> 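Here it is: the structure, laid out below.
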Number of protein chains: 2
Amino acid sequence: MGRLEERGYRNTGPRRAVVAAVLRHDDGFSAEDIHHEVAVAGRATVYRTVRLLLDMGIICKLALLDGKPLYSLSHAGHHHHAVCLKCGAVTDVYNCGVDSLLDNVQLVTGSKVLGHRLEVFILCPDCAATGAP
Amino acid sequence: MGRLEERGYRNTGPRRAVVAAVLRHDDGFSAEDIHHEVAVAGRATVYRTVRLLLDMGIICKLALLDGKPLYSLSHAGHHHHAVCLKCGAVTDVYNCGVDSLLDNVQLVTGSKVLGHRLEVFILCPDCAATGAP
DNA sequence: TTATCTGCAAAATGTTTGCAGCATA
DNA sequence: TATGCTGCAAACATTTTGCAGATAA
C-alpha cells in the first residue's frame, strides 16, 4: 500500500499502523474499533487517517440507522453492501440493478438523479447456522 | 392526529406542538430543527416525542452520510426516499423494484435477507431550475 | 530545512438520562 | 389521585480542532 506517497501524503508510522488495521478487516469497522486496535496512534490521528482513506476511496462509509458510522474496505467499482445484523460482516453486492428504478424516479419526480445508496440487511450463513439471534 | 390517545399516550401541549411542527414539514427534518421551531417544548421532550413518532411509524429515519439523522413523514407502506442534496426535500419512492436484486443477494451469498434500505440522491426540479449548487 | 504530521486536551455536536415537580386522565 | 410527562441540567458518545513539538522528505 504505497499509495499514500503516490498522492503526496507522508508515509508515517501511525498511518501505516492504521492502514494495516483497516486492511485486516474483512467486515465493517468503526473509527473507534481501529483506535482500540492501534495503540500506537492517537484518536485524532485515527480519525484523520480514516477520513484520508475515505477521501482516497480506499474505504467507504455506510450509515446504519443507529447513527454510528461504519466503514468497510471498498473494492473497485460501483457496489452496495449487505450487512449481517448479527455479526456485522459486510459483503459487497456488485450487480446493482436499480438503474431502471432510478430512471423511473427521474421520470416521475422530474429530478436529476445524482447518486444512490443501497444497503441490504442480512443474516449471514454462519450466523444463520449458529441459530437465532 | 388523535393517535396518541388511541395508543394510550397522553395528549399534552408540548407533544401537540412537536407533532404539529413535524406535520408542517414536507421535507426532511432533524430533531434539532423541530427543537428550534417549537419554543414551547424542551430539547428532551422533542427528542422523546420524535422517538415516539418513530416507534409509532408516523415518521421514518433516514441516515445520510454526514452522520446526522434526518426524519421524514412516513406515508403508508414500503418505500424509499429521494433526497435533494441542495434543499433537503424528501420525496417518497414507492415502486421499489429491488426484489430481484435481493433474490440474487440471497442466492449468491447464501444469506437470509432481513431488510433493505435505498436512498436516492437527487437535484429536485426547483433546485435544478435555480441553477447549479 | 520546512511543510506536514502527531498527540494531547479542549471544544463542538447531537442525544440520552436522572430527578423533582406538574398535569392529564 | 396516581401515573405519566415535562424541563432542566448533567452525562454521554462521537468526532473535530488548536497548538506546540516531532518527523519525513
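Each chain gets a letter, A, B and so on, in the order its sequence line appears, and its residues count up from 1. Computed from heavy atoms alone, side chains included, the values below leave out hydrogens, waters and symmetry copies. Owing to the predicted nature of the structure, the values given are computational and were not obtained by experimental measurement.
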> Could you label the plane-to-plane angle of the A/His78 and A/His80 rings as parallel, tilted or perpendicular, counting under 30° as parallel and over 60° as perpendicular?
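The rings of A/His78 and A/His80 stand perpendicular, inter-plane angle above 60°.
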> Mind checking whether B/Lys68 and B/Glu32 have side chains closer than 4.5 Å, heavy atoms only?
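SC-SC contact between B/Lys68 and B/Glu32 ruled out.
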> Of all the heavy-atom pairs spanning A/Val40 and A/Ala17, show the shortest one and how long it is.
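The answer is CG1-CB, 3.7 Å.
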> Can you check the A/Arg16 CZ to C/dC5 C1' distance for me, whole Å?
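Rounding to the nearest Å, CZ of A/Arg16 and C1' of C/dC5 are 13 Å apart.
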> Check whether any side-chain heavy atom of A/Ser72 lies under 4.5 Å from a side-chain heavy atom of A/Cys60, and answer yes or no.
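Yes, close enough: below the 4.5 Å cut-off.
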> Over how many whole Å does the gap from A/His35 atom NE2 to D/dA13 atom P extend?
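Value for this atom pair: 15 Å.
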> Rounded to whole angstroms, how far apart are NZ on A/Lys68 and C1' on C/dT15?
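After rounding, the reported distance stands at 10 Å.
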> Could you run through nucleotides 5-10 of chain D and give me one letter per nucleotide, 5' to 3': B if any protein heavy atom sits under 4.0 Å from the base, S if only the sugar-phosphate is that close, - if neither?
SBBB--
> How many Å lie between CG on A/Asp33 and P on D/dA13, as a whole number?
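So the CG-P distance, A/Asp33 to D/dA13, works out to 15 Å.
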> When the ring planes of B/His25 and B/Phe29 are compared, do they come out parallel, tilted or perpendicular, using 30° and 60° as the limits?
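Rings of B/His25 and B/Phe29: tilted, as their planes differ by 30° to 60°.
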> Closest approach of B/Val113 and B/Leu102, non-hydrogen atoms and distance?
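What the structure gives for the nearest pair is CG2-O, 3.9 Å.
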> In whole angstrom, give the distance that lies between atom CD1 of B/Ile34 and atom C1' of C/dG14.
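It is 15 Å, rounded to the nearest whole Å.
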> Can you tell me if the side-chain N/O atoms of A/Tyr47 get under 4.0 Å from OP1 or OP2 in D/dT15?
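Checking D/dT15 against A/Tyr47, a side-chain N or O does come within under 4.0 Å of OP1 or OP2.
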> Please report, rounded to the nearest Å, how far the P atom of D/dG4 is from the CD atom of B/Glu5.
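B/Glu5 atom CD is separated from D/dG4 atom P by 16 Å.
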